[in-house]
Amino acid sequence: MPVKKKRASTTRQPTSVVTGGAGFLGSHLVDLLLARGHKVIAIDNFITGSVDNIAHLGGNPNFKFIQQDVTEFIFLDGPVNFVWHFASPASPIDYLEIPIQTLKVGSLGTHKALGLAKNKGARFLIASTSEIYGDPLVHPQTEEYWGNVNTIGPRGCYDEAKRFGEAMTMAYHREHGVETRIVRIFNTYGPRMRLNDGRVVPAFVSQALKNQSLTVFGKGNQTRSFCYVSDLVEGIYRLMNSSSVDPVNIGNPHEMTVLEFAREIIRATGSRSRIVFKPLPQDDPKQRRPDITRAKTRLHWEPKVPLKEGLKKTIEYFRGKV
Ligand code: UDP
């Protein structure tokens, strides 16, 4: 028999909890929520997040920060209307270095964040990923595709944790009636990415700014599609406010090869860098592009920021860091 749910009282000012709120995406989401009138409680343990990403919010009466590992029980006083679960390492280099913490935050962390949402009668959104499609055999990737993941490969810890997180989210929805949303995030870039996180955007931009060779893995004919962070958080905000329990891909369908991307970065930075080829990491997906039909029809969302414009802002940010 379904249990009667406690719903958070409808306050004039909604309260959001963002796990991973000091991370790249989490901190941009926090900024957007504050701009849309939310009170925001950000939680982060700074394993991959950084205090620099939220330093500008010091003294903001609508912002509160809690330093905590979200795999531990999350205790909060007062009402919560929305839980946005963004805590996770998100770079292949991180998964290699901290695979167990990656697995724990995607599984135990998702469980704790769902428990918080259930307890508060809040709506819950999980930051899932295009990685749940693995090395995809369907292109572009639609939400109906079940994926092609190597459970025991180096990316398995991230991919399987996120797959578990989606399953757990649906279980809380079905068994406990929690209102849930699942966003599958494709490659995203912008200011506040960690300079040394190993992902292609910080890697290429910092190499180009230092006139060092850009390290293209494999032949560089694998493809990715890059979404600027402001587009991404707008899509995610719309998803939370929609009625779509089904997963929704959010990303930019503008697909290019990694080699083309390297050349674009050299152009955009005006660098003298050359390109060198390094071995392709194991299980590196050969192609990736979101089918965003569902986001377009259900959320009336599509990305607006062209690559040139997004790169300009990203390069400006990294100039100050290298
Ligand atoms: N890549 C590369 N050189 C680098 C870093 C990454 O060629 O220095 C490639 C990587 O092999 C992958 C793509 O860029 O094909 C995107 O890698 P990233 O780590 O950003 O994320 P992924 O999409 O693989 O999760």
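Counting convention: from 1, in listed order, for ligands and their atoms alike. In what follows, residues are counted from 1 in the order of the sequence shown.
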Quiz item: Under the criterion side-chain contact (heavy atoms from CB on, under 4.5 Å), which of I182, L114, L116 is the partner of F124?
Solution: L114
Practice problem: Specify side chain, backbone, both or neither for D284, according to which of its non-hydrogen atoms lie closer than 4.0 Å to ligand 1. | Solution: side chain
Exercise. For G198, counting its heavy atoms only, list the atoms of ligand 1 lying under 4.0 Å from any of them.
Key: 5 (C)
Practice problem: Please state which part of N187 comes within less than 4.0 Å of ligand 1, counting heavy atoms only: side chain, backbone, both or neither. | Solution: side chain
Practice problem: Quick one: pull up OG in S27 and CZ in R192 and give me the separation to the nearest 0.5 Å. | Solution: 4.0 Å
Quiz item: Does the pair R294/E144 count as a salt bridge with the N-to-O cut at 4.0 Å?
Solution: yes
Quiz prompt | Whether P92 lies under 4.0 Å from ligand 1, heavy atom | solution = yes
Quiz item: For ligand 1, is any non-hydrogen atom under 4.0 Å from K278's backbone (N, CA, C, O), its side chain (CB onward), both, or neither?
Solution: neither
Practice problem: Give a yes/no verdict on whether any heavy atom in Q207 is under 4.0 Å from an atom of ligand 1. | Solution: no
Quiz item: Given that the side chain starts at C-beta and the backbone is N, CA, C, O, which of these parts of R199 lies under 4.0 Å from ligand 1, counting heavy atoms, or is it both or neither?
Solution: both
Quiz prompt | Residue pair I292 / F186, side-chain heavy-atom distance below 4.5 Å | solution = no
Quiz item: Can you check whether F217 has an N/O within less than 3.5 Å of an N/O in ligand 1?
Solution: yes
Quiz item: Should A262 be listed as contacting ligand 1, given a heavy-atom distance under 4.0 Å as the test?
Solution: no
Quiz item: Which residue supplies the protein heavy atom nearest to atom 17 (O) of ligand 1, what is that atom called, and how far is it?
Solution: V200 CB, 4.0 Å
Quiz item: How about D31 and H56: does a side-chain donor come under 3.5 Å of a side-chain acceptor?
Solution: yes
Practice problem: Please confirm whether F204 comes under 4.0 Å of ligand 1, counting heavy atoms of the residue only. | Solution: yes
Quiz item: For atom 13 (C) of ligand 1, what is the nearest protein heavy atom, given as residue, atom name and distance?
Solution: V258 CG2, 3.8 Å
Quiz prompt | Lys/Arg-Asp/Glu bridge criterion (N-O < 4.0 Å) met for K104, D69 | solution = no
Exercise. Using a strict cut-off of less than 4.0 Å between a Lys/Arg side-chain nitrogen and an Asp/Glu carboxylate oxygen, indicate whether K162 and E131 qualify as a salt bridge.
Key: no
Quiz item: Taking C-beta and beyond as the side chain, do E143 and Y133 meet within less than 4.5 Å on heavy atoms?
Solution: yes
Quiz item: Side chains of Q207 and S273: donor-acceptor distance under 3.5 Å anywhere?
Solution: no
Quiz prompt | Region of R155 engaging ligand 1 - heavy atom pairs below 4.0 Å | solution = side chain
Quiz item: Just which atoms of ligand 1 are under 4.0 Å from any heavy atom in V216?
Solution: 7 (O)
Exercise. Examine R224 relative to F261 and say whether NZ or CZ is less than 6.0 Å from the centre of the six-membered ring and inside a 45° cone about the ring axis.
Key: no
Practice problem: Please identify which atoms of ligand 1 are closer than 4.0 Å to at least one heavy atom of E131. | Solution: 25 (O)
Quiz item: So is T215 polar-close to ligand 1, meaning N/O to N/O under 3.5 Å?
Solution: yes
